[in-house]
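Read through the structure below, which is laid out as structure tokens, and then see the notes.
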Protein chains: 2
Amino acid sequence: MEAIISNISVDCVIFGFDNNTLQVLLTKRELKDRETGELLIADYTLQGHHILVGENIDDAAKRVLKDKTGLENIYLEQFQTFGDINRLRRPKDQLWLKTMYPMVSDHVVSVCYYSLVDSTKVNPDLQHPYSSWFPVDQLPELGFDHEEMISMALEYLRNKLWREPVGFELLPDKFTLSQLQSLYEAILNTEIDRRNFWKKVSQMKFVIPLDEKHKAGSRKKAQAFIFSKDVYERTRKDKLTLSY
Amino acid sequence: MEAIISNISVDCVIFGFDNNTLQVLLTKRELKDRETGELLIADYTLQGHHILVGENIDDAAKRVLKDKTGLENIYLEQFQTFGDINRLRRPKDQLWLKTMYPMVSDHVVSVCYYSLVDSTKVNPDLQHPYSSWFPVDQLPELGFDHEEMISMALEYLRNKLWREPVGFELLPDKFTLSQLQSLYEAILNTEIDRRNFWKKVSQMKFVIPLDEKHKAGSRKKAQAFIFSKDVYERTRKDKLTLSY
DNA sequence: ATTATAATGCGTATTTATTACACAATGCAA
DNA sequence: TTGCATTGTGTAATAAATACGCATTATAAT
């Protein structure tokens, strides 16, 4: 086992999209009393780990992602570093750390990333044990400062999506307009008129209609689209308009 | 002297606005050969320091800012953490570290902030020695990975300004429309029609005209305005429009 | 003084984008 | 075979962004 750097960690907020809902992948954390078997801690945490000696922080994030989802080359964005002295000071977190990781530093600074995955490609059951998806608006009890991390990750993702078409990372390669629309509605927390959304998307040269039809749980078959990152990069404008 | 945490630091990109140009505050770094007096290193760096034992990272950034500009309560935004293993590995940086800070860790992770200051309130000569302002598009030779930090800070600032009226932090309390316009042009790297800018700004309820007139280096006196953060917070909309 | 000039104040058309809503077609379920 | 949720494609009304016109002001140069 490689040596870890005890006062620096990375945490990953892994977003997926399923059931027309934005979801976060969480890992169960349980601590039982050695003697009585009583459950002392039962909650969830993000995926995270310390960085290793000689490891770039971005590589540490990719490693965590690979370990917990089996996926590589996925969308990953560093959004904030949490370095408050009290961030691990809640009693249950102290109990957990003292029991499980007595060698870890008292002041751990955590560099946080969020990632966007096609949840059909991750099967939590087959991957890391105790991992499962939770809708972002129905989170279970969370350890450490991970609730704050998730809500900040969501804020960054929302801001990002207003400015850049990152949502496609959450969908299968081929998707329908209604899937795309509900994804936008879920992340941006807004209702969009279907017909205006259609008009807006048809202006986006990088969303390319296919000849195929898909039925995404609906009655009528809908046209399938793909996203071309390449076309987007080539046609993106950098002159915008002030949003206020 | 308080103990430092040797593998975590903060760096601050301090932006000011002067001469219709966005400026960065830099500190001179010089190393002379003990015997020959030859200049081994002569370049500039950002303001930075290690975090102290028991110190929040945000507080470390505020401390650095206070130390180097004398200012408190100024706009400060964490934008990225740099943690590549090779970020301090250039020969001149190694020479500097080995000579000046032999105890510092080999892998230092730096949490970066940018801040926006009213440059009329900072007088580099009276503050930290060897500090001076440089236009962002005419930077001198820089140490460590600080050039990358500045260009990333500028990118974050630009994105921020498209979405939120943070530019006022760089101006005196009272300013004219032409000052504001050239600030927007400098940061957004775009030309704006003066009359359309006037129209746009007059829609912003949080930019409040005063009865006073100012002459900002121009022939004709121009009307002065103030920015009300309070009015902005109360009138901001969170439904935006996709920028693509 | 007078004049040229650069900056300012305040417009009006034109084009483009956003919003609101209409209606026919499809294909599964009852 | 019919009902109906979903999909495909509009059009009209409104709002915003862009391009540009022109008189006014105060200073610097003559």
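Proteins come first, then strands; the chains are lettered A, B, ... in the order of their sequence lines, and each starts at number 1. What you see is a predicted model; the values in this text were computed from it and never measured. Computed from heavy atoms alone, side chains included, the values below leave out hydrogens, waters and symmetry copies.
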How are the rings of F134(B) and Y44(B) set relative to one another: parallel (under 30°), tilted (30 to 60°) or perpendicular (over 60°)?
perpendicular
Measure from the side-chain N and O atoms of E30(A) to the backbone N and O of D43(A), and report whether any donor-acceptor pair falls under 3.5 Å.
no
Write down the distance between CD (Q223(B)) and C1' (dT25(D)), rounded to a whole number of angstrom.
14 Å
Do you see a donor-acceptor pair shorter than 3.5 Å between the side chains of D230(B) and S228(B)?
no
Value in whole Å for how far the P atom of dT18(D) lies from CD of E191(B):
14 Å
Pairing donors with acceptors under 3.5 angstrom, does anything connect the side chains of T27(B) and Q47(B)?
yes
dA20(C) C1' sits how many Å from W198(A) CH2, rounded?
16 Å
Does a distance-only test, which skips hydrogens and angles, find a donor-acceptor pair under 3.5 Å between the side chain of R195(A) and the base of dA22(C)?
yes
Can you tell me whether the side chain of K220(B) and the base of dT24(D) have a donor-acceptor pair closer than 3.5 Å?
yes
Can you tell me how far P of dG8(D) sits from CG of L180(A), to the nearest Å?
13 Å
Pair Y184(B) + F197(B): ring centers closer than 6.0 Å:
yes
Where the side chain of N196(B) is defined as all heavy atoms beyond and including C-beta, which of dC28(C), dA19(D), dT8(C) is the nearest nucleotide?
dA19(D)
Nearest-angstrom distance from the residue atom NZ of K200(B) to P of dT16(C):
18 Å
Contact under 4.0 Å: T241(A) side-chain N or O vs dA16(D) OP1/OP2:
no
Roughly, in whole Å, what's the span from CD in Q181(B) to C1' in dT18(D)?
14 Å
Heavy-atom nearest nucleotide on DNA chain D taken for Q203(B) and for D193(B); more 5' hit belongs to Q203(B)
Taking donor-acceptor contacts at under 3.5 Å, does the side chain of K239(B) reach the base of dT18(C)?
no
Round to a whole Å and report the spacing from CG of L177(A) to P of dG8(D).
7 Å
Which one, dG9(C), dA20(C), dT12(C), comes nearest to the side chain of K199(B)?
dT12(C)
Specify the residue among F225(B) and L240(B) whose closest nucleotide of DNA chain C lies further upstream toward the 5′ end.
F225(B)
If I take atom CZ in residue R194(A) and atom P in nucleotide dA5(D), what distance separates them, rounded to the nearest angstrom?
13 Å
